[in-house]
Amino acid sequence: MTDRAPQPVDRQLPTEESRDLLALVREIAQREIRPRAAEEEDSGRFPREVFTLLSEAGLLGLPYDGSFGGGEQPYEVYLQVLEELAAARLTVGLGVSVHSLACHGLAGYGSKEQQSAHLPAMLGGGLLGAYCLSEPAAGSDAASLTTKAVRDDGGTSRSSGAESGGDWVITGTKAWITHGGVADFYTVLARTGAPGPKGITAFLVPGDAEGLTAAVPEKKMGMKGSPTAQLHFDGVRVPDSRRIGEEGQGFTIALAALDAGRLGIAACAVGVAQAALDEAVTYALDRKQFGHPIADFQGLRFMLADMATKIEAGRALYLAAARLRDAGKPFSRQAAMAKLFCTDAAMAVTTDAVQILGGYGYTADFPVERLMREAKVLQIVEGTNQIQRMVIARHLAGPETR
(Lines give C-alpha, C1' and ligand atoms only; values in the text may rest on other atoms or scores of the structure.)
Protein backbone atom coordinates (compact mmCIF):
# COMPACT_ATOMS: atom_id res chain seq x y z
CA MET A 1 0.00 0.00 0.00
CA THR A 2 1.33 3.43 -0.85
CA ASP A 3 2.53 5.79 1.89
CA ARG A 4 1.58 8.82 -0.16
CA ALA A 5 -0.98 10.92 1.76
CA PRO A 6 -4.09 11.98 -0.15
CA GLN A 7 -4.53 15.63 -0.96
CA PRO A 8 -7.09 17.40 1.26
CA VAL A 9 -10.47 18.02 -0.30
CA ASP A 10 -10.93 21.64 -1.37
CA ARG A 11 -13.86 22.57 0.84
CA GLN A 12 -16.04 25.65 0.86
CA LEU A 13 -16.49 26.33 4.59
CA PRO A 14 -18.48 29.21 6.08
CA THR A 15 -16.06 30.49 8.76
CA GLU A 16 -12.43 30.54 9.79
CA GLU A 17 -13.45 28.50 12.86
CA SER A 18 -14.88 25.78 10.65
CA ARG A 19 -11.71 25.72 8.54
CA ASP A 20 -9.63 25.26 11.69
CA LEU A 21 -12.03 22.53 12.80
CA LEU A 22 -11.62 20.56 9.57
CA ALA A 23 -7.85 20.92 9.81
CA LEU A 24 -7.98 19.44 13.33
CA VAL A 25 -10.14 16.56 12.12
CA ARG A 26 -7.74 15.79 9.27
CA GLU A 27 -4.82 15.82 11.70
CA ILE A 28 -6.55 13.39 14.08
CA ALA A 29 -7.58 11.18 11.17
CA GLN A 30 -4.06 11.02 9.77
CA ARG A 31 -2.38 10.49 13.13
CA GLU A 32 -4.82 8.39 15.17
CA ILE A 33 -7.30 6.70 12.83
CA ARG A 34 -5.99 5.93 9.34
CA PRO A 35 -2.72 4.16 10.28
CA ARG A 36 -4.50 1.44 12.30
CA ALA A 37 -7.69 1.15 10.28
CA ALA A 38 -6.82 -1.89 8.15
CA GLU A 39 -5.30 -3.93 10.98
CA GLU A 40 -8.09 -3.20 13.44
CA GLU A 41 -10.86 -3.83 10.93
CA ASP A 42 -9.26 -7.14 10.03
CA SER A 43 -9.11 -8.16 13.69
CA GLY A 44 -12.56 -6.77 14.47
CA ARG A 45 -11.28 -4.38 17.13
CA PHE A 46 -13.58 -1.54 18.19
CA PRO A 47 -11.54 1.67 18.71
CA ARG A 48 -13.25 2.98 21.84
CA GLU A 49 -10.22 5.13 22.69
CA VAL A 50 -10.69 7.02 19.42
CA PHE A 51 -14.22 7.99 20.41
CA THR A 52 -12.91 9.12 23.78
CA LEU A 53 -10.37 11.28 21.98
CA LEU A 54 -13.05 12.70 19.69
CA SER A 55 -15.21 13.51 22.70
CA GLU A 56 -12.32 15.29 24.42
CA ALA A 57 -11.76 17.27 21.21
CA GLY A 58 -15.42 18.33 21.15
CA LEU A 59 -16.22 16.33 18.01
CA LEU A 60 -19.06 14.13 19.31
CA GLY A 61 -21.58 16.94 19.79
CA LEU A 62 -20.83 19.29 16.91
CA PRO A 63 -24.39 20.07 15.69
CA TYR A 64 -25.84 20.61 19.17
CA ASP A 65 -26.38 23.52 21.56
CA GLY A 66 -23.23 24.87 23.17
CA SER A 67 -24.97 25.40 26.53
CA PHE A 68 -25.11 21.60 26.92
CA GLY A 69 -21.60 20.90 25.65
CA GLY A 70 -22.32 20.86 21.93
CA GLY A 71 -20.24 22.53 19.26
CA GLU A 72 -23.01 24.71 17.76
CA GLN A 73 -21.78 23.92 14.27
CA PRO A 74 -24.15 23.98 11.30
CA TYR A 75 -24.91 20.68 9.62
CA GLU A 76 -22.98 21.95 6.61
CA VAL A 77 -19.82 21.75 8.72
CA TYR A 78 -20.69 18.72 10.85
CA LEU A 79 -21.30 16.54 7.79
CA GLN A 80 -17.94 17.44 6.29
CA VAL A 81 -16.33 16.35 9.57
CA LEU A 82 -18.12 13.01 9.18
CA GLU A 83 -16.84 12.74 5.62
CA GLU A 84 -13.24 13.23 6.74
CA LEU A 85 -13.59 10.67 9.54
CA ALA A 86 -15.26 8.10 7.28
CA ALA A 87 -12.52 8.54 4.67
CA ALA A 88 -10.02 7.49 7.34
CA ARG A 89 -12.18 4.67 8.75
CA LEU A 90 -15.89 4.12 8.26
CA THR A 91 -16.25 2.52 11.71
CA VAL A 92 -15.35 5.90 13.19
CA GLY A 93 -17.28 8.16 10.81
CA LEU A 94 -20.43 6.07 10.96
CA GLY A 95 -19.99 5.68 14.72
CA VAL A 96 -20.00 9.47 15.20
CA SER A 97 -23.11 9.71 13.00
CA VAL A 98 -24.89 7.04 15.06
CA HIS A 99 -23.91 8.75 18.30
CA SER A 100 -25.33 12.02 17.00
CA LEU A 101 -28.50 10.17 15.99
CA ALA A 102 -28.81 8.78 19.52
CA CYS A 103 -28.57 12.32 20.96
CA HIS A 104 -31.11 13.78 18.52
CA GLY A 105 -34.28 12.83 20.37
CA LEU A 106 -33.29 14.30 23.73
CA ALA A 107 -31.73 17.40 22.15
CA GLY A 108 -34.80 18.11 20.02
CA TYR A 109 -37.70 16.87 22.16
CA GLY A 110 -36.48 16.53 25.73
CA SER A 111 -37.42 18.91 28.51
CA LYS A 112 -34.93 21.49 29.76
CA GLU A 113 -34.52 19.43 32.92
CA GLN A 114 -33.74 16.29 30.94
CA GLN A 115 -31.34 18.12 28.67
CA SER A 116 -29.49 19.67 31.61
CA ALA A 117 -29.27 16.31 33.37
CA HIS A 118 -28.06 14.19 30.46
CA LEU A 119 -26.83 16.13 27.42
CA PRO A 120 -23.50 17.42 28.80
CA ALA A 121 -22.27 13.87 29.39
CA MET A 122 -23.76 12.64 26.11
CA LEU A 123 -22.26 15.42 24.00
CA GLY A 124 -18.88 15.94 25.58
CA GLY A 125 -18.47 13.74 28.62
CA GLY A 126 -16.95 10.71 26.97
CA LEU A 127 -20.18 8.74 26.62
CA LEU A 128 -21.09 6.84 23.45
CA GLY A 129 -24.66 6.32 22.27
CA ALA A 130 -26.70 3.98 20.12
CA TYR A 131 -30.10 4.17 18.45
CA CYS A 132 -32.65 1.37 18.87
CA LEU A 133 -35.45 1.37 16.30
CA SER A 134 -35.12 -1.77 14.14
CA GLU A 135 -36.24 -5.21 15.29
CA PRO A 136 -35.88 -8.72 13.87
CA ALA A 137 -39.32 -8.44 12.21
CA ALA A 138 -39.51 -4.64 11.88
CA GLY A 139 -36.84 -3.17 9.63
CA SER A 140 -38.11 -1.04 6.78
CA ASP A 141 -41.59 -1.25 8.35
CA ALA A 142 -40.41 0.33 11.59
CA ALA A 143 -43.92 1.34 12.63
CA SER A 144 -44.73 -2.33 13.24
CA LEU A 145 -42.19 -2.65 16.07
CA THR A 146 -43.31 -4.84 18.98
CA THR A 147 -40.91 -4.03 21.82
CA LYS A 148 -43.24 -2.91 24.62
CA ALA A 149 -42.97 -0.37 27.39
CA VAL A 150 -45.62 -0.75 30.10
CA ARG A 151 -46.25 1.59 33.00
CA ASP A 152 -45.65 0.31 36.51
CA ASP A 153 -46.92 2.99 38.88
CA GLY A 154 -46.17 0.77 41.84
CA GLY A 155 -42.51 0.35 40.91
CA THR A 156 -39.40 2.10 42.13
CA SER A 157 -40.16 5.55 40.78
CA ARG A 158 -39.26 7.40 44.00
CA SER A 159 -35.97 5.66 44.57
CA SER A 160 -35.03 6.04 40.90
CA GLY A 161 -35.74 9.74 40.90
CA ALA A 162 -38.78 9.78 38.62
CA GLU A 163 -40.64 13.05 39.00
CA SER A 164 -44.01 11.72 37.82
CA GLY A 165 -45.76 8.83 36.20
CA GLY A 166 -43.92 5.98 37.93
CA ASP A 167 -41.62 3.68 35.97
CA TRP A 168 -41.75 2.01 32.58
CA VAL A 169 -40.84 -1.62 32.05
CA ILE A 170 -39.43 -2.40 28.62
CA THR A 171 -39.52 -5.89 27.12
CA GLY A 172 -38.50 -6.99 23.64
CA THR A 173 -35.62 -7.34 21.19
CA LYS A 174 -33.93 -4.75 19.00
CA ALA A 175 -31.80 -5.73 16.01
CA TRP A 176 -28.95 -4.34 13.90
CA ILE A 177 -27.88 -1.95 16.65
CA THR A 178 -24.60 -0.19 15.90
CA HIS A 179 -22.59 -0.01 19.15
CA GLY A 180 -24.87 -2.69 20.60
CA GLY A 181 -23.25 -3.93 23.80
CA VAL A 182 -20.63 -1.15 24.01
CA ALA A 183 -22.79 1.99 24.16
CA ASP A 184 -23.26 3.94 27.39
CA PHE A 185 -26.83 4.92 26.52
CA TYR A 186 -29.53 3.88 24.07
CA THR A 187 -32.37 5.89 22.56
CA VAL A 188 -35.06 3.22 22.44
CA LEU A 189 -38.36 3.29 20.55
CA ALA A 190 -40.99 1.08 22.18
CA ARG A 191 -44.71 0.48 21.88
CA THR A 192 -46.77 2.09 24.63
CA GLY A 193 -50.11 2.16 22.83
CA ALA A 194 -52.11 0.77 19.94
CA PRO A 195 -50.54 -0.77 16.80
CA GLY A 196 -49.12 1.66 14.25
CA PRO A 197 -46.96 4.77 14.43
CA LYS A 198 -49.09 6.64 16.99
CA GLY A 199 -48.51 4.02 19.68
CA ILE A 200 -44.72 4.44 19.91
CA THR A 201 -42.76 6.34 22.58
CA ALA A 202 -39.05 7.15 22.93
CA PHE A 203 -36.94 6.44 26.02
CA LEU A 204 -33.36 7.12 27.11
CA VAL A 205 -32.02 3.85 28.55
CA PRO A 206 -28.66 3.56 30.36
CA GLY A 207 -26.27 1.03 28.86
CA ASP A 208 -25.88 -0.73 32.20
CA ALA A 209 -29.61 -1.02 32.94
CA GLU A 210 -30.59 -4.22 34.73
CA GLY A 211 -32.19 -6.69 32.32
CA LEU A 212 -30.47 -5.24 29.24
CA THR A 213 -28.14 -7.66 27.46
CA ALA A 214 -26.46 -7.78 24.07
CA ALA A 215 -26.18 -10.80 21.82
CA VAL A 216 -22.94 -11.85 20.14
CA PRO A 217 -22.17 -9.23 17.46
CA GLU A 218 -23.13 -10.07 13.88
CA LYS A 219 -20.43 -11.45 11.59
CA LYS A 220 -20.40 -8.94 8.73
CA MET A 221 -18.71 -8.63 5.36
CA GLY A 222 -17.43 -5.16 6.27
CA MET A 223 -17.13 -2.75 9.20
CA LYS A 224 -15.89 -5.63 11.34
CA GLY A 225 -14.55 -3.22 13.93
CA SER A 226 -17.99 -1.74 14.55
CA PRO A 227 -20.13 -4.02 16.74
CA THR A 228 -23.64 -4.61 15.40
CA ALA A 229 -25.77 -6.69 17.73
CA GLN A 230 -29.24 -7.56 18.92
CA LEU A 231 -30.26 -6.08 22.25
CA HIS A 232 -32.59 -7.95 24.60
CA PHE A 233 -34.77 -5.99 27.02
CA ASP A 234 -35.95 -8.35 29.76
CA GLY A 235 -38.10 -6.19 32.00
CA VAL A 236 -35.76 -3.19 31.83
CA ARG A 237 -37.09 -0.58 34.23
CA VAL A 238 -36.64 3.13 33.49
CA PRO A 239 -38.22 6.09 35.29
CA ASP A 240 -40.74 8.28 33.53
CA SER A 241 -38.15 11.06 33.72
CA ARG A 242 -36.30 9.20 30.95
CA ARG A 243 -39.26 9.25 28.57
CA ILE A 244 -38.41 11.56 25.66
CA GLY A 245 -41.27 13.71 24.43
CA GLU A 246 -44.92 12.83 24.88
CA GLU A 247 -46.42 9.37 24.92
CA GLY A 248 -47.11 8.36 21.33
CA GLN A 249 -44.66 10.93 19.91
CA GLY A 250 -41.85 8.43 19.43
CA PHE A 251 -42.35 7.70 15.75
CA THR A 252 -42.34 11.43 14.93
CA ILE A 253 -39.08 11.73 16.89
CA ALA A 254 -37.67 8.71 15.06
CA LEU A 255 -38.49 10.07 11.59
CA ALA A 256 -36.95 13.46 12.38
CA ALA A 257 -33.81 11.74 13.61
CA LEU A 258 -33.64 9.55 10.50
CA ASP A 259 -33.87 12.54 8.16
CA ALA A 260 -30.81 14.01 9.85
CA GLY A 261 -29.13 10.62 10.11
CA ARG A 262 -29.53 9.96 6.38
CA LEU A 263 -27.44 13.04 5.71
CA GLY A 264 -24.80 11.55 7.99
CA ILE A 265 -24.82 8.33 5.96
CA ALA A 266 -24.55 10.34 2.73
CA ALA A 267 -21.50 12.19 4.05
CA CYS A 268 -19.88 8.95 5.20
CA ALA A 269 -20.48 7.44 1.76
CA VAL A 270 -18.74 10.36 0.08
CA GLY A 271 -15.83 9.92 2.49
CA VAL A 272 -15.49 6.23 1.60
CA ALA A 273 -15.68 7.04 -2.11
CA GLN A 274 -13.10 9.81 -1.77
CA ALA A 275 -10.72 7.44 0.00
CA ALA A 276 -11.14 4.90 -2.81
CA LEU A 277 -10.54 7.54 -5.49
CA ASP A 278 -7.39 8.76 -3.70
CA GLU A 279 -6.03 5.21 -3.63
CA ALA A 280 -6.92 4.63 -7.29
CA VAL A 281 -5.26 7.85 -8.47
CA THR A 282 -2.10 7.16 -6.48
CA TYR A 283 -1.88 3.62 -7.80
CA ALA A 284 -2.54 4.69 -11.39
CA LEU A 285 0.29 7.21 -11.19
CA ASP A 286 2.72 4.74 -9.63
CA ARG A 287 1.91 1.58 -11.58
CA LYS A 288 3.65 1.23 -14.97
CA GLN A 289 2.71 -1.02 -17.85
CA PHE A 290 4.04 -0.95 -21.41
CA GLY A 291 6.58 1.63 -20.26
CA HIS A 292 4.03 4.18 -19.03
CA PRO A 293 2.02 4.91 -15.87
CA ILE A 294 -1.38 3.32 -16.32
CA ALA A 295 -2.84 6.78 -15.63
CA ASP A 296 -1.74 7.62 -19.19
CA PHE A 297 -4.30 5.23 -20.72
CA GLN A 298 -7.49 6.92 -21.80
CA GLY A 299 -9.84 4.17 -20.69
CA LEU A 300 -8.54 4.37 -17.14
CA ARG A 301 -8.43 8.18 -17.15
CA PHE A 302 -12.10 8.24 -18.07
CA MET A 303 -12.88 5.90 -15.16
CA LEU A 304 -11.10 8.25 -12.76
CA ALA A 305 -12.96 11.23 -14.21
CA ASP A 306 -16.32 9.52 -13.74
CA MET A 307 -15.44 8.54 -10.18
CA ALA A 308 -14.45 12.10 -9.29
CA THR A 309 -17.61 13.48 -10.86
CA LYS A 310 -19.84 11.14 -8.81
CA ILE A 311 -18.06 12.22 -5.64
CA GLU A 312 -18.39 15.93 -6.35
CA ALA A 313 -22.05 15.53 -7.26
CA GLY A 314 -22.74 13.57 -4.07
CA ARG A 315 -20.94 16.11 -1.92
CA ALA A 316 -22.91 18.96 -3.50
CA LEU A 317 -26.18 17.10 -2.95
CA TYR A 318 -25.66 16.38 0.75
CA LEU A 319 -24.41 19.92 1.37
CA ALA A 320 -27.44 21.41 -0.36
CA ALA A 321 -29.71 19.36 1.90
CA ALA A 322 -27.67 20.35 4.95
CA ARG A 323 -28.03 24.03 4.12
CA LEU A 324 -31.80 23.61 3.92
CA ARG A 325 -31.74 22.04 7.37
CA ASP A 326 -29.53 24.81 8.73
CA ALA A 327 -32.00 27.37 7.35
CA GLY A 328 -34.92 25.66 9.11
CA LYS A 329 -36.52 24.58 5.84
CA PRO A 330 -37.97 21.16 4.96
CA PHE A 331 -35.24 18.79 3.81
CA SER A 332 -36.71 15.27 4.04
CA ARG A 333 -36.87 14.75 0.27
CA GLN A 334 -33.37 16.12 -0.25
CA ALA A 335 -32.03 13.94 2.60
CA ALA A 336 -33.47 10.85 0.92
CA MET A 337 -31.99 11.92 -2.42
CA ALA A 338 -28.58 12.52 -0.85
CA LYS A 339 -28.59 9.17 0.95
CA LEU A 340 -29.68 7.37 -2.24
CA PHE A 341 -27.24 9.04 -4.62
CA CYS A 342 -24.19 9.18 -2.35
CA THR A 343 -24.36 5.55 -1.26
CA ASP A 344 -24.97 4.27 -4.79
CA ALA A 345 -22.05 6.42 -5.91
CA ALA A 346 -19.84 5.00 -3.17
CA MET A 347 -20.62 1.46 -4.30
CA ALA A 348 -19.81 2.35 -7.91
CA VAL A 349 -16.63 4.27 -7.09
CA THR A 350 -15.20 1.62 -4.77
CA THR A 351 -15.95 -1.11 -7.31
CA ASP A 352 -14.14 0.88 -10.00
CA ALA A 353 -11.21 1.44 -7.62
CA VAL A 354 -10.83 -2.32 -7.20
CA GLN A 355 -10.91 -2.68 -11.00
CA ILE A 356 -8.22 -0.04 -11.47
CA LEU A 357 -5.91 -1.80 -9.04
CA GLY A 358 -6.60 -5.10 -10.79
CA GLY A 359 -5.41 -8.17 -8.91
CA TYR A 360 -3.90 -6.01 -6.20
CA GLY A 361 -7.29 -4.42 -5.62
CA TYR A 362 -8.69 -7.82 -4.74
CA THR A 363 -6.17 -8.35 -1.97
CA ALA A 364 -6.15 -7.10 1.59
CA ASP A 365 -2.74 -5.51 0.97
CA PHE A 366 -4.57 -2.50 -0.43
CA PRO A 367 -7.56 -0.80 1.22
CA VAL A 368 -9.90 -0.63 -1.77
CA GLU A 369 -11.37 -4.11 -1.24
CA ARG A 370 -12.25 -3.13 2.33
CA LEU A 371 -13.75 0.14 1.13
CA MET A 372 -15.90 -1.74 -1.39
CA ARG A 373 -17.19 -4.10 1.31
CA GLU A 374 -17.93 -1.15 3.58
CA ALA A 375 -19.71 0.84 0.88
CA LYS A 376 -22.28 -1.93 0.49
CA VAL A 377 -23.75 -1.49 3.96
CA LEU A 378 -24.34 2.21 3.35
CA GLN A 379 -26.96 1.30 0.74
CA ILE A 380 -28.82 -0.59 3.49
CA VAL A 381 -28.57 1.21 6.83
CA GLU A 382 -30.99 3.92 8.00
CA GLY A 383 -33.46 3.06 5.28
CA THR A 384 -32.53 0.95 2.28
CA ASN A 385 -32.13 2.75 -1.01
CA GLN A 386 -35.40 1.22 -2.14
CA ILE A 387 -37.07 2.96 0.81
CA GLN A 388 -35.35 6.22 -0.17
CA ARG A 389 -36.91 5.95 -3.62
CA MET A 390 -40.32 5.47 -2.01
CA VAL A 391 -39.79 8.56 0.16
CA ILE A 392 -38.77 10.67 -2.84
CA ALA A 393 -41.69 9.42 -4.95
CA ARG A 394 -44.19 10.24 -2.18
CA HIS A 395 -42.92 13.81 -2.13
CA LEU A 396 -43.46 13.98 -5.89
CA ALA A 397 -46.71 12.06 -6.38
CA GLY A 398 -48.24 11.70 -2.93
CA PRO A 399 -48.91 8.47 -0.98
CA GLU A 400 -49.60 5.25 -2.84
CA THR A 401 -53.30 4.65 -3.48
CA ARG A 402 -53.16 0.87 -3.38
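This is a predicted model, so every value here is computed, not measured. For this chain, numbers begin at 1 and follow the sequence in order.
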Please tell me if the side chains of [X] and [Y] come closer than 4.5 Å, counting only heavy atoms from C-beta onward.
X	Y	value
L258	L133	yes
L378	L90	yes
L59	I28	yes
V377	M223	yes
K174	T147	yes
V236	E210	no
P63	Q73	no
P206	D184	no

Distance-only side-chain donor-acceptor flag, [X] / [Y], under 3.5 Å:
X	Y	result
T192	T201	yes
E41	T91	yes
W168	D152	no
T15	S18	yes

Could you tell me the separation between the [atom1] atom of [X] and the [atom2] atom of [Y], rounded to the nearest 0.5 Å?
X	Y	atom1	atom2	result
R262	K339	CZ	NZ	7.5 Å
L277	T350	CG	OG1	11.5 Å
R19	L24	CZ	CG	15.5 Å
S332	M337	OG	CE	10.5 Å
F203	T187	CZ	OG1	12.0 Å
L13	E76	CG	CD	7.0 Å

Identified ring pair (Phe, Tyr, Trp, His ring centres under 6.0 Å) partner of H99 from the options F185, F51, Y186
F185

I would like to know whether R151 and E247 meet side chain to side chain contact (heavy atoms under 4.5 Å, CB included); could you show each step before the answer?
CA-CA 11 Å; R151 277 191 184 275; E247 288 184 48; 2.6 Å; yes

Could [X] and [Y] be called an ion pair, given the rule that one side-chain N must be under 4.0 Å from one carboxylate O?
X	Y	result
D344	R389	yes
E218	K224	no
E135	R191	no
E400	R394	yes
R323	D326	no

Quick one: sort the F297 and H292 rings into parallel, tilted or perpendicular, breaks at 30° and 60°.
perpendicular

I'd like to know whether R315 forms a side chain to side chain donor-acceptor pair (under 3.5 Å) with Q274, so could you lay out the CA-CA distance, the side-chain angles of the two residues, the decisive distance to 0.1 Å, and finally the verdict.
CA-CA 10 Å; R315 184 176 292 122; Q274 184 68 59; 3.0 Å; yes

Please confirm whether the ring centroid of Y131 lies under 6.0 Å from the ring centroid of H179.
no

Decide if the gap between the ring center of F341 and the ring center of Y318 is smaller than 6.0 angstrom.
no

Does atom [atom1] ([X]) have a neighbourhood of more than 12 heavy atoms from anything else shown, all under 6.0 Å?
X	atom1	result
E17	CD	no
D234	CG	no
E40	CD	yes
E49	CD	yes

On a heavy-atom basis, which atom in A321 and which in F331 lie closest, and how many Å separate them?
O-CB, 3.9 Å

Identify the two heavy atoms, one from E83 and one from V9, that lie closest to each other, and give their separation to 0.1 Å.
OE2-CG2, 4.3 Å

Among residues two or more places apart or on two chains, list those pairs meeting side chain to side chain donor-acceptor pair (under 3.5 Å) that have a residue in residues 297-314.
none

List the steps and the verdict of side chain to side chain donor-acceptor pair (under 3.5 Å) for H232 and T173.
CA-CA 5 Å; H232 303 299; T173 298; 3.2 Å; yes

Given V50 and I33, is the side chain to side chain contact (heavy atoms under 4.5 Å, CB included) satisfied, shown in steps?
CA-CA 7 Å; V50 170; I33 302 174; 3.9 Å; yes

Please walk me through it: do K220 and T228 pass side chain to side chain donor-acceptor pair (under 3.5 Å)?
CA-CA 9 Å; K220 301 173 296 186; T228 303; 2.8 Å; yes

